[in-house]
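Just below is one structure, and these are the notes that go with it.
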There are 2 protein chains.
Amino acid sequence: MSQTVDRALSILPLLAEGPADLGQVADRLGVHKSTALRLLRTLHDHGMVYRQSDQRYRLGARLIALAQEAMENLDIREIAHPHLVRLNEQCGHTVHLAVYEEDEVLYIDKVESRYPVRMYSRIGKPVAITVAAVAKLLLADLPEHERRALAEKLDYPMYTARSTPHPDAFLRELAKVREQGWATDLGGHEESINCVAAPITGADGRVAAAMSVSAPNVVVTADELLTLLPLVRRTADAISGEYSGRNPTKDAE
Amino acid sequence: MSQTVDRALSILPLLAEGPADLGQVADRLGVHKSTALRLLRTLHDHGMVYRQSDQRYRLGARLIALAQEAMENLDIREIAHPHLVRLNEQCGHTVHLAVYEEDEVLYIDKVESRYPVRMYSRIGKPVAITVAAVAKLLLADLPEHERRALAEKLDYPMYTARSTPHPDAFLRELAKVREQGWATDLGGHEESINCVAAPITGADGRVAAAMSVSAPNVVVTADELLTLLPLVRRTADAISGEYSGRNPTKDAE
DNA sequence: AATGAGCGTTGCAGTGAATGCAACACTCCT
DNA sequence: AGGAGTGTTGCATTCACTGCAACGCTCATT
């Protein structure tokens, strides 16, 4: 809506790919160098971009700090964290918490596996939306038309042979997930990694977040992992209860 | 420099404090509601802010994702991480990695203590700049005038009785740190937590990052923690060597 | 039901802020 | 020295942003 701001903000994802100099930024924005310079200067004043010693620009520290605050303000995270830790203590595997927002699913918390073999993922990283178990739960709860529209719009990268190949398959999977109230990803993202996930619901019954337990084949088989499902669901329900205010929040934890 | 962008970016820290509605944003920016609306819309289109169900705005998922990418692009982090993990395995305490950028010091990596008592800190969070051991190292390396200017500009919150009280004390501490090549924080941020830190230098000899080991009194005394100093310095030097390209980067780790 | 307050939203006219240009400063090659 | 490639600045033009005022909507209140 606002041309100037639009252009300025377009610079950020561009720099996220890697540092760029003034000319490159101007080119990719399709504006004159001087225009790009002034936009970058404004971003710089706000700490959103940083000028490194070779004069090129990259994303700045303030951006990271802001994102940090943004995450801390997500109160579901606060509530869920101790539960995730407890679950991790019980099963030993990696535990994730994710939320959906505007066509993206994001990990917002993680408790690392206690086993030496860990999976790669990072808090703040967008999830592989077409295959991740948590993504399925979050998308399955969208209103019908929104879900369809999103499914059509997405890319369906074939991470592995078991990745969701196309919108139809995805929508069928979502229907199933919606039906059963939990989800899995059995090697759909990385060949040797399986996940089981359960939804966390708010006071209105909508799915507010999703959590999962992930483990590589070398540690437990998919079948063994599935035996954890009741535990995962109980944990998710406990978080739901607290989040929706059914259980009074306990100060001492 | 650019009014519109300036205003738009000013909205972000404002929302970082917590969700706000249109009127509040407009007031705090000192602009008309319609102006604020259009700025927010643009931010929204870029996923930088999110409109929650009660219509209020908060920071959005894209911001978090961008910050994530920004951190992954910091190659010093990539290089340092395995060293930090190894150090953690050796001593068991919390290990931090921090960088300085435009008047701020930011934690960019962290390996959690293996002891049950952990300290609070988060990747991406700005460091308590006047007391943290890593901050001292990073600031001690600034050019004289810049260091003075910054020292004058900072706030000096008295987190504890041992916090740095004022610019003079801070500058003296920085001089000492610069001299000895390592730094400590003995209860200056939290009464019961001590840190030892060492600098990581780049090819040009400047301090590019700093790392620290932190532990609460209940686990080890300050004196015991200080015995780890040689180990911390060796680790920092190893990272420095790799970062500055003196040691060829080993693919197999 | 009707009233009104408190929001967010939209069209519009005026104007000031952003734009692109061209000239300049600077560094790094050859 | 010359020249190519940067980033930077001043300036005139104009177009995009602004503030206003009117509208629509939801919620309380009577």
Side-chain angles (χ1 to χ4, degrees), chain A residues 1-60 101-102 143 146 202-206 245, chain B residues 1-60 101-102 143 146 202-206 245:
Chain A
M1 279 261 114
S2 163
Q3 187 188 66
T4 317
V5 178
D6 184 44
R7 285 173 171 170
L9 294 179
S10 303
I11 293 177
L12 299 177
L14 192 155
L15 291 184
E17 295 168 20
D21 64 30
L22 180 60
Q24 295 170 321
V25 171
D27 283 351
R28 295 204 38 188
L29 281 187
V31 299
H32 197 263
K33 277 188 308 176
S34 57
T35 304
L37 176 68
R38 282 178 287 237
L39 295 176
L40 281 165
R41 269 224 264 265
T42 310
L43 289 169
H44 181 96
D45 288 348
H46 284 261
M48 302 294 283
V49 305
Y50 177 68
R51 195 142 201 208
Q52 42 189 32
S53 43
D54 62 353
Q55 295 241 108
R56 292 189 305 166
Y57 294 89
R58 62 170 174 74
L59 296 178
E101 190 178 308
E102 313 258 352
E146 218 176 305
D204 55 0
R206 298 284 313 277
Chain B
M1 278 263 112
S2 163
Q3 188 187 68
T4 318
V5 178
D6 184 44
R7 284 173 172 171
L9 294 179
S10 303
I11 293 177
L12 299 177
L14 193 155
L15 291 184
E17 296 168 20
D21 63 30
L22 180 60
Q24 295 170 321
V25 171
D27 282 352
R28 296 208 33 191
L29 281 188
V31 299
H32 195 126
K33 278 189 306 177
S34 56
T35 305
L37 176 68
R38 284 181 282 240
L39 295 176
L40 281 165
R41 268 225 264 266
T42 311
L43 289 169
H44 182 97
D45 289 349
H46 285 260
M48 303 294 283
V49 306
Y50 176 68
R51 194 143 202 205
Q52 43 189 30
S53 42
D54 63 354
Q55 295 242 111
R56 292 189 305 165
Y57 294 90
R58 62 171 175 74
L59 296 179
E101 190 177 309
E102 313 258 351
E146 219 176 305
D204 55 1
R206 297 285 312 278

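Letters A, B, ... mirror the listed sequences (proteins, then strands); counts begin at 1.
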Which atom pairs, donor and acceptor, lie under 3.5 Å between side-chain atoms of residues 23-30 of chain A and protein residues at least two apart or in another chain?
{"from": "Q24(A)", "atom 1": "OE1", "to": "D21(A)", "atom 2": "N", "distance (Å)": "2.8"}
{"from": "R28(A)", "atom 1": "NH1", "to": "E17(A)", "atom 2": "OE1", "distance (Å)": "3.1"}

*asked:* Under a 3.5 Å cutoff, is there a donor and acceptor pairing between the side chains of R58(B) and Y50(B)?
replied: no
_Return whichever of V5(B) or G23(B) has its heavy-atom-nearest nucleotide of DNA chain C closer to the 5' end._
G23(B)
*Can you name the nearest heavy-atom pair linking V31(B) to A36(B), along with the distance?*
CG2-N, 4.0 Å
_Does a side-chain N or O of S2(B) approach OP1 or OP2 of dA18(C) to a distance below 4.0 Å, or not?_
yes
*Given that H32(A) and Q3(A) both sit by DNA chain D, which one's nearest nucleotide is further toward the 5' end?*
H32(A)
*Check every atom of dT19(C), dT9(C), dC21(C) against the side chain of L37(B) and return the nucleotide holding the closest atom.*
dT9(C)
Which pairs would a plain distance check flag for residues 1-14 of chain A, meaning a side-chain donor or acceptor within less than 3.5 Å of a matching protein atom at least two apart in sequence or in another chain?
{"from": "D6(A)", "atom 1": "OD1", "to": "H46(B)", "atom 2": "NE2", "distance (Å)": "2.4"}
{"from": "S10(A)", "atom 1": "OG", "to": "D6(A)", "atom 2": "O", "distance (Å)": "2.7"}

_Separation of dG6(C) C1' from L22(B) CG (nearest whole Å)_ = 12 Å
*Nearest 0.5 Å, what's the CD-CG distance between E102(A) and D45(B)?*
9.0 Å
*asked:* Quick check on DNA chain D: between K33(B) and T4(B), whose nearest nucleotide comes earlier from the 5' end?
replied: T4(B)
*Within the pair T35(B) and dC17(D), is there a side-chain N or O less than 4.0 Å away from OP1 or OP2?*
no
*Write down the distance between CG (L29(B)) and P (dG19(D)), rounded to a whole number of angstrom.*
10 Å
*Distance below 4.0 Å between R7(B) side-chain N/O and dA18(C) OP1 or OP2*: no
_side-chain contact (heavy atoms from CB on, under 4.5 Å) assessment of R51(B) paired with R56(B)_ = CA-CA 6 Å; R51(B) 194 143 202 205; R56(B) 292 189 305 165; over 6 Å; no
*asked:* What is the distance, to the nearest angstrom, from the CG atom on L39(B) to the C1' atom on dA17(C)?
replied: 14 Å
*asked:* With a 4.0 Å cutoff (strictly under), does any side-chain N or O of R41(A) reach OP1 or OP2 of dA18(C)?
replied: no
*Atom CD of Q24(A) to atom C1' of dG7(D): distance rounded to whole Å?*
13 Å
*Check the distance between dA18(C)'s P and L43(A)'s CG and give it to me in whole angstrom.*
13 Å
*Between dC17(D) atom C1' and L40(B) atom CG, what is the distance in whole Å?*
15 Å
*Across the strands shown, which category fits R56(A) at heavy-atom distances under 4.0 angstrom: base, sugar-phosphate, nothing?*
nothing
*Separation between CG of L40(A) and OH of Y57(A), rounded to the nearest 0.5 Å*: 5.0 Å
*What distance do L37(A) atom CG and H44(A) atom NE2 have between them, rounded to the nearest 0.5 Å?*
11.5 Å
*Could you tell me, to 10°, how much the axis swings from one end of the helix from dA1(C)-dT30(D) to dT30(C)-dA1(D) to the other, five pairs per end?*
30°
_For atom CG of D27(B) and atom P of dG8(C), their distance in whole Å_ = 10 Å
*What is the distance, rounded to the nearest whole Å, between atom CD of Q55(A) and atom C1' of dA25(C)?*
13 Å
*Are any of R38(B)'s side-chain N or O atoms less than 4.0 Å away from OP1 or OP2 of dT9(C)?*
no
